[in-house]
Structures are given as C-alpha cells and as structure tokens.
Amino acid sequence: MSDTVALSRLARQPLCRPEVSGLPRYNAGLSEDEVQRRYSLKNIVKLGSNENPYGPSTQVKAVWDNLASRLGRYPDAAAMTLRSDIAKVCGIELDRILVGNGSEQIIRMIAEAYLSPQDRVVTVKPAFGLHEICPRMMGAVVDAVPITEQATFDCAALQQAVQSPTKVLMFANPSNPVGCMMKGDELQELIASCPPDALIVVDEAYREYAEQDPDYPDARTILEKQERPWIILRTFSKAYGLAALRIGYALTSSGEISAALDTVRDPFNTNMPAQVAACAVLADVAYMKDCVRKTVAERERVVQFLITKGLFVAPTWTNFVFVRTSMKADKLAVALLEQGIIIKPWKEAGFENWIRISIGLPEENNIVMNALADLVL
Ligand SMILES: *Cc1c(COP(=O)(O)O)cnc(C)c1O
C-alpha cells in the first residue's frame with residue numbers, strides 16, 4: 001500500500017473514540033428564540049421540555065438582588081450551604097449528597113465513575129436519552145426493556161433483564177418520556193432481583209408531581225432497607241422552576257459512592273447564583289406545591305380532551321403527556337412549530353408516532369389542544 005493510500009484511509013477514520021462516533025445526539029429541543037427566528041413568529045408556546053410554566057418562587061428574586069457584586073469570586077466548590085439545606089430537608093448525612101450542573105451532569109458522572117467497556121446497563125425503552133447515551137459513551141452495553149402495550153413499566157421483563165450480569169440499573173420513576181409510575185411493591189421486587197453489587201440509580205426528576213399518589217414509592221425508603229449501592233437523582237429544573245440555572249442533586253447509599261462521584265466531578269461544577277437560588281426554592285416548598293397542584297389539574301384537562309378525541313394517552317404521573325397519534329411525530333411537530341408551538345416528537349424506532357407535550361399555562365394548553373384538533377383529529 002502506498003503512503004498516500006494509507007494516509008487517506010487514516011484520514012477517513014474519525015479521530016474520536018468509536019464509542020463517541022457511533023452515538024446519537026441528545027435531542028435538547030428547540031429554544032423559543034430559534035423558533036421565533038426560523039418561522040418569523042412573535043408568540044411561542046413552549047411545551048417541549050417539561051418546565052414549570054409558572055417559573056420559580058419569587059424568593060429567588062429576593063436573594064438574587066445583590067448577586068452582581070459577588071460575581072467576581074469562584075462559587076463554593078463544595079456547595080456547603082445548599083448541601084446542608086438538602087441534608088436538613090431530606091434528613092440525610094451531608095457526605096451522602098452531591099450536587100450537579102443539572103442532574104444530567106450527575107448521570108454523566110455516574111457513567112464516568114462506574115462504567116467500563118462491556119459493562120451491562122439495564123434501562124427502559126423509551127428512556128430519558130442520557131440514561132442510554134452516557135453509559136454508551138463509556139463503552140457500556142445498554143439493554144433497554146420496552147414498556148408494555150398499555151404504556152406502563154414491564155416489571156416482569158425488567159426483573160428478568162436484571163438477572164443477567166448487571167452493573168447498573170438506571171431508570172426514571174415516574175418515567176420520562178412515558179409518564180408511567182412504578183409502584184412500591186414492583187420497585188421492591190425489581191431491586192430484589194438485581195445482583196447484590198449492581199448499582200441502582202432511580203431518577204426522580206418528576207417525583208414532585210407523583211408524590212400525592214399513595215402508590216408512588218419513595219425509592220429511598222425502599223433502598224435504605226437494602227445493603228446495596230444506590231443513587232437517587234433529583235432536580236430543581238422541573239417542579240422547582242429553575243431549568244435555566246442547571247442544578248440538581250444526588251442522594252447516595254454511602255459516603256463511598258459520593259466520593260467516587262466527587263472524584264470525577266468538575267471542581268466548580270455548580271455556579272454561585274444557582275446554588276443561592278436552589279436554597280431559596282427549597283425554603284418555599286409551598287409555592288412549588290401550588291404549581292404542581294395547578295399543573296396536575298391542567299394535565300387532567302388535557303388528558304380528558306385527548307382521550308375524548310380518541311387518541312391513546314399513556315397514563316401519566318408527571319407534568320407531561322405522551323400521546324400516540326395517527327401522524328408521524330416529526331411531521332406533526334413541524335406543523336405545530338409553524339404555529340409557534342414547541343412539543344417533543346419521539347424519534348426512536350417503534351415510537352415514531354408518539355409525541356410528548358408538556359403541560360403549560362391554561363391558555364397555552366388551549367392553544368396546543370386546538371392545534372392538535374385541527375391537525376390529527
Ligand atoms: C429533565 C430530566 C433530567 C434533567 O434534569 P436537569 O437537572 O435539568 O439536568 C434528568 N432526568 C430526567 C428523567 C429528566 O426528565
């Protein structure tokens with residue numbers, strides 16, 4: 001082989017690791033600005049990212065008033081004040097709490113700290129994108145167990161799946177994008193089926209919307225009874241209304257797990273304004289609960305409308321609905337975008353007709369319901 005041929009072959013090889021070149025991109029959705037620009041629109045209804053449409057507690061504004069003068073200093077790398085507040089609210093030791101630049105970052109840290117090539121990770125399908133992307137980035141093999149025909153967790157199949165060698169079991173309860181909820185006895189049985197050294201990660205991004213239901217299990221109560229490694233993920237991005245600030249946290253089974261995650265953590269991973277705001281919203285749980293109450297009431301109104309129109313809506317314990325439509329989801333999403341409505345089309349094989357709609361303000365929900373009635377009903 002001549003040198004030129006060898007060189008041109010080499011040039012066609014991606015420089016990055018093969019685990020990275022084959023990965024799908026996380027679908028972060030479109031911003032309001034981008035949709036305004038692209039379609040020359042003024043008003044946008046953003047129902048694609050499961051945010052709290054009411055925003056955060058006004059306490060945030062109060063504590064942020066004098067922040068500008070403090071921006072010259074690095075944030076507290078250990079986020080002591082925020083972690084102490086979380087410790088108090090959750091009743092857990094400080095060394096079992098870790099904060100992240102969004103819980104997304106903690107998902108990545110879990111993959112970096114625990115996963116080697118060929119390790120097996122069990123999750124569900126469809127899953128929150130990063131539950132699959134981050135493990136695969138490390139070379140792990142992801143086994144995603146499909147939901148049932150009724151759009152609920154397939155607990156029997158999950159129990160079966162974790163009986164093969166499993167390094168990490170990771171899923172969200174309630175689920176994103178489906179919205180379904182795993183009950184306490186089901187969660188308990190699933191955990192019992194895992195190998196004793198499997199790391200169990202329960203992502204509770206939407207727990208605030210589910211916890212009114214007596215059947216919704218507090219995963220920690222169940223996990224605390226086990227001599228197992230586990231991590232629970234929580235976020236300030238959803239019910240607490242701080243999505244822009246990127247802040248979330250993990251509770252862990254032991255200081256040992258926290259220490260492993262802390263080793264792969266960027267030193268100043270969460271910024272000072274976010275730490276301050278998170279403390280403020282934690283101190284105003286009543287406001288958050290009021291937002292949840294309004295959102296759940298709106299959700300029931302949207303669900304009823306869609307069901308009355310003959311669409312299949314997955315049972316949901318969250319601030320969004322996952323809906324099967326008669327149209328291809330990405331076509332439908334573009335038709336809605338042209339009207340300034342952002343929703344999330346599911347692009348995964350087997351779910352190409354499903355869309356996820358976040359619950360917004362009542363008037364926003366009316367707009368999306370009317371638009372859907374025109375397009376697919
Ligand atoms: C939104 C979401 C997150 C990300 O939360 P951030 O704290 O904003 O990074 C994590 N997990 C699930 C299941 C989510 O839906």
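In each ligand, atom 1 is the first atom listed, and ligand 1 is the first ligand listed. Everything numeric in this text was worked out from a predicted model, so none of it was measured.
- Listed by chain and number, residues touching ligand 1 at under 4.0 Å (heavy atoms only) are Gly102, Ser103, Glu104, Phe128, Ala172, Asn176, Asp203, Ala205, Tyr206, Thr235, Ser237, Lys238, Arg246.
- With respect to the salt-bridge test (charged N to carboxylate O, under 4.0 angstrom), the residues Arg246 and Glu104 qualify.
- The side chain to side chain donor-acceptor pair (under 3.5 Å) check on Thr316 picks up Thr318, with sequence neighbours excluded.
- Taking CZ of Arg299 as the start and CD1 of Ile357 as the end, the distance is 13.5 Å to the nearest 0.5 Å.
- Using a 3.5 Å distance cut-off with no hydrogens or angles, the side chains of Asn366 and Arg301 do pair a donor with an acceptor.
- In this structure, Arg207 pairs ionically with Asp218, as a charged nitrogen and a carboxylate oxygen lie closer than 4.0 Å.
- Remark: the Tyr206 side chain and the Asn50 side chain contain an N/O donor-acceptor pair separated by less than 3.5 Å.
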